[in-house]
Every structure is written in structure tokens, then in C-alpha cells.
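The block underneath contains the structure these notes are about, expressed in C-alpha cells.
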Amino acid sequence: MPPGKINRLVLLTPPGRSALATLRVEGPQAVALVDQFFLPVGGRPLSDRAIGSIYFGHWSRSGGEEVVLSQHSQDQVEIHCHGGTISVNLLRQSLLAAGCEEIPWQQWIASQHSDPITSDALIALAEAKSQRTALFLLAQAEGALRGAIENIILLLRQRDLPAACDALDALLIHAPLGKHLICGWRVVLAGRPNVGKSSLINALVGYQRAIVYDKPGTTRDVLMAQTALEGWPIELIDTAGLHSSRDSLELAAMEATEASLEKADLALLVFDAFLPWSTEDDALTERWPTALVVHNKCDLEAAAGFRPEGVQSSAQLTGGVAELCEQIIARLIGKVPEDAAAIPFTDEQTRALTAARCALARNEVSLALDRLSGPPF
Ligand code: GDP
């Protein structure tokens, strides 16, 4: 059968259990296929009914799964059923056995939009972890990035290279933020055992979750908590304390801490303000010079002597936690773009924009145009 003649089945609602699920059947035999299984209340088959109406009935046999059908056109039918995996699979299996071909929802989205930026943004939206990041992705689905690229192409056709370069730079400035709109940011807390890393995570997320215990080395695994600070989705990662040890379990845990720090978008080095600054502490700040330094337990009497600059916090009294949030956001987000700003949000987009900018730096206008017109745009 030619590709256009295939009857396609797509699950439009998210995988897993929910109150309701929606399956869509598209193709030349969509109505006939669904009619094989649909037992409408009142008895008239779909093929006899007006397009655009909604019908209630059962699937396959009287007393079978309850379904509500909406027929969008001769070749598009949506089936709404209970959202349990058993009901969805029952409908799915019968339609597949009758000759439908199932496609992933991402492929269906892509088939509905001629602009790949729109479909990429809609697919990304399903992954957005906070309303704030979703709104930026929605702006891209509604054409913010497409508009900016069209404008750059126009400037290039008018041979206004300086303006095109500025416009590309303005887009690329948001690429680091765009990269995190889908997956959020990873913040790793590290430091010697017992300085209050787990307690700080509790204070930051606002509830008790990590293991807090006053015996050094309690947190042996890397623990995580998802939160949103000022609407930015952030994964806080608690690590095993960094200290000298011969215990093989602790050494392995410290290796995991180092690996976690390497991959972090921001490292927080937490120190105990009650204890004097030590050479071990110096070694940590030298090893991770870009880390944000936090002096915790500032509710206790601070130890005399030198301490490097850092945020003063008390995880126990939640003092300084607001300032810590501010500093984390300042480091991770920087300047917040305007609401409807154009933002590249995939690595492919950033790579293509960077390649276009590099081509312009070499005065290669047609190469830049190619990069702005080919995939992923
Ligand atoms: P971690 O090993 O670095 O994760 O440290 P924990 O969060 O498990 O805390 C170790 C101990 O320090 C616990 O008894 C906490 O109650 C205590 N603690 C943590 N933060 C503070 C703080 O800001 N002030 C005071 N006084 N005690 C704290």
C-alpha cells in the first residue's frame, strides 16, 4: 500500500494510566475499521452518521468497554475510552489486528505541522517540567524562533551582514537557557560529611526527604530532589561527603560525587561555619574553583579565622536560604529573556545557528543561508 493509504493509529494521551485515553485512527478505511468494533447505542453504524458528531457505545461486544467516538472527517476518527492500560491495549490490539499501523505521537505531531520548529517545540512541551519553561517553549511553538530566523534570512538576502550577525548573536545568547528548557538544571551539593548538605536540600525543597543524621558519612548514595526555584526546574543532587577514607564503600561513593560534580550545571560546596577553615577545605575550593561556596550552620557561633566569600546559611533555621536560591538562579539563568523571546531549544538548532554565525564570520553568506534553511529548520 502506498504510504498515504496506510491506516494509522496513534495514542494521543500520555502513556500509563489516566482517567481517559484518546486513540486516533486516520486513513482511507478509518471509519470502516472502527465500525468493525463499535457497537453504538441506537445501533446505527458510524458510516451512516454525520461527520462532526459524537457517539456513545461499546467496543466489540455488548457490555464491552465503553467508548465515545468523534468522527472528524471521512478518514479521521477519535476514540475516547477509559484510561486504564487494559482498556487502551484492548482497543489498540483489535485495531492493529484489523490492519492499522501504530505510529508514535511524536511522529503524528510532526505530520500535523509543516514547520519542524513548531513540532519540535510541541514535542518538547510535553517534557517541560515547569510552567515557566513551558511558556517559553509555547512561544517557540507559536513562531518566535521561526520569526527570528526568517528575519535573519531577510537581512542576509538584503546583504545587511552586520544586522544579521547581531540578530544571530541575540539568538545564540539564549541557547544555554534553551538547552535546559526541556530537562532543567542539575545542581550538585558537595562538601565534607556532616556539614549540612542533606539539610540544605530539605530547606531548599521545603520538606524533609534526604537522610539527615549527625554521624559523618550517612549519605553514601547520590540522592536527588526535583524542585522549581522561581519556576526554573532544578534537580538538587546530594552527594556522599568528601573526606579522606580507606573504606572501599566510601571511596566508591566519593568517586560518584566527583563524577556528579563534573556533570553539574552548578556545584555548591558546603562548609560548616562552626568549624575552622582547614587545608582540606582549601583543597576542595581549589579543585572546584567555579563552585558556589556556602557556609552552613551560621546559626551557631562562627569559628574564628579566615573563610572565603560565600553565602551564609542555616539549613536548620532556613536562614539565608532565600539568598542561596537567588545566587543559584543568578548563576544558572543569568538574564531572563522577554516572555515571547526567540530561543533555540535543541542542540541541533544551536549547532545550525552557530554554524551559520561562523559562516558569516568568514563572509560565506550562501553557506549561512543553507544552515538556516536546512534541518533542523
Ligand atoms: P550532610 O552529611 O552534609 O548531608 O549533613 P546533614 O544534613 O546530614 O546534617 C548533619 C547534622 O548537622 C545534622 O545533625 C543536622 O541537623 C545538622 N545541621 C545541618 N544544618 C544545620 C544548620 O544549619 N545548623 C545547625 N545548627 N545544625 C545543622
Side-chain angles (χ1 to χ4, degrees), residues 1-128 134 137-143 146 375-377:
M1 209 179 323
K5 301 284 181 203
I6 289 172
N7 295 295
R8 303 189 305 176
L9 167 68
V10 58
L11 176 64
L12 292 182
T13 38
R17 280 189 301 167
S18 56
L20 290 173
T22 301
L23 287 153
R24 187 176 171 101
V25 183
E26 290 183 349
Q29 284 93 36
V31 170
L33 272 165
V34 174
D35 257 344
Q36 285 182 36
F37 305 100
F38 182 48
L39 298 174
V41 167
R44 269 172 63 204
L46 262 192
S47 47
D48 270 10
R49 309 238 195 164
I51 286 167
S53 309
I54 292 170
Y55 316 107
F56 173 69
H58 295 92
W59 195 255
S60 291
R61 63 194 151 78
S62 183
E65 196 59 42
E66 288 179 325
V67 289
V68 173
L69 258 59
S70 52
Q71 188 182 352
H72 290 248
S73 71
Q74 283 296 354
D75 51 12
Q76 295 176 353
V77 183
E78 273 181 17
I79 309 158
H80 309 272
C81 62
H82 294 126
T85 44
I86 292 176
S87 342
V88 174
N89 282 337
L90 186 119
L91 270 64
R92 194 189 233 154
Q93 291 312 327
S94 42
L95 288 162
L96 291 178
C100 274
E101 201 170 276
E102 186 160 12
I103 58 162
W105 64 271
Q106 295 91 334
Q107 189 181 330
W108 183 78
I109 295 264
S111 72
Q112 303 298 301
H113 301 276
S114 55
D115 184 348
I117 300 178
T118 305
S119 31
D120 284 348
L122 290 173
I123 292 165
L125 253 175
E127 306 267 330
L137 288 167
L138 190 61
Q140 312 320 308
E142 288 173 343
R146 168 58 60 203
F377 305 123

If you compare all heavy atoms of [X] against all heavy atoms of [Y], which two are closest, and at what distance to 0.1 Å?
{"X": "Phe56", "Y": "Val68", "value": "CD1-CG2, 4.0 Å"}
{"X": "Leu125", "Y": "Ala134", "value": "CD2-O, 3.4 Å"}
{"X": "Ala110", "Y": "Ser119", "value": "CA-CB, 3.7 Å"}
{"X": "Pro376", "Y": "Asp120", "value": "O-OD2, 4.4 Å"}
{"X": "Thr118", "Y": "Ala141", "value": "CG2-O, 3.4 Å"}
{"X": "Ala21", "Y": "Leu11", "value": "CB-CD1, 4.4 Å"}

Considering only heavy atoms from C-beta outward, does the side chain of [X] approach that of [Y] to under 4.5 Å?
{"X": "Leu20", "Y": "His80", "answer": "no"}
{"X": "Leu9", "Y": "Arg92", "answer": "yes"}
{"X": "Arg146", "Y": "Pro116", "answer": "yes"}
{"X": "Cys81", "Y": "Val88", "answer": "yes"}
{"X": "Gln71", "Y": "Gln76", "answer": "no"}
{"X": "Trp108", "Y": "Leu12", "answer": "yes"}

Exceeds 12 heavy-atom contacts within 6.0 angstrom, atom CD of Gln36: yes
Gap between atom [atom2] of [Y] and atom [atom1] of [X] - 0.5 Å precision:
{"X": "Glu102", "Y": "Gln93", "atom1": "CD", "atom2": "CD", "answer": "8.5 Å"}
{"X": "Leu33", "Y": "Leu46", "atom1": "CG", "atom2": "CG", "answer": "11.0 Å"}
{"X": "Thr85", "Y": "Leu90", "atom1": "OG1", "atom2": "CG", "answer": "11.5 Å"}
{"X": "Asp115", "Y": "Leu122", "atom1": "CG", "atom2": "CG", "answer": "10.0 Å"}
{"X": "Leu95", "Y": "Ile79", "atom1": "CG", "atom2": "CD1", "answer": "5.0 Å"}
{"X": "Leu39", "Y": "Glu65", "atom1": "CG", "atom2": "CD", "answer": "12.5 Å"}

Donor-acceptor pair, side chain of Asp35 and main chain of Pro45, under 3.5 angstrom: no
Test item: Thr22 side-chain N/O and Thr13 main-chain N/O as donor-acceptor pair under 3.5 Å: no
Ile117 vs Phe377, side-chain contact (heavy atoms from CB on, under 4.5 Å): CA-CA, chis, key distance, verdict: CA-CA 6 Å; Ile117 300 178; Phe377 305 123; 3.7 Å; yes
Set of residues satisfying side-chain hydrogen bond (donor to acceptor under 3.5 Å, both in side chains) with respect to Glu127, sequence neighbours excluded: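 Glu127: no side-chain hydrogen bond (donor to acceptor under 3.5 Å, both in side chains) contacts found.
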Sequence-distant partners of Tyr55, ring pair (Phe, Tyr, Trp, His ring centres under 6.0 Å), two or more places apart: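 Expected list: none.
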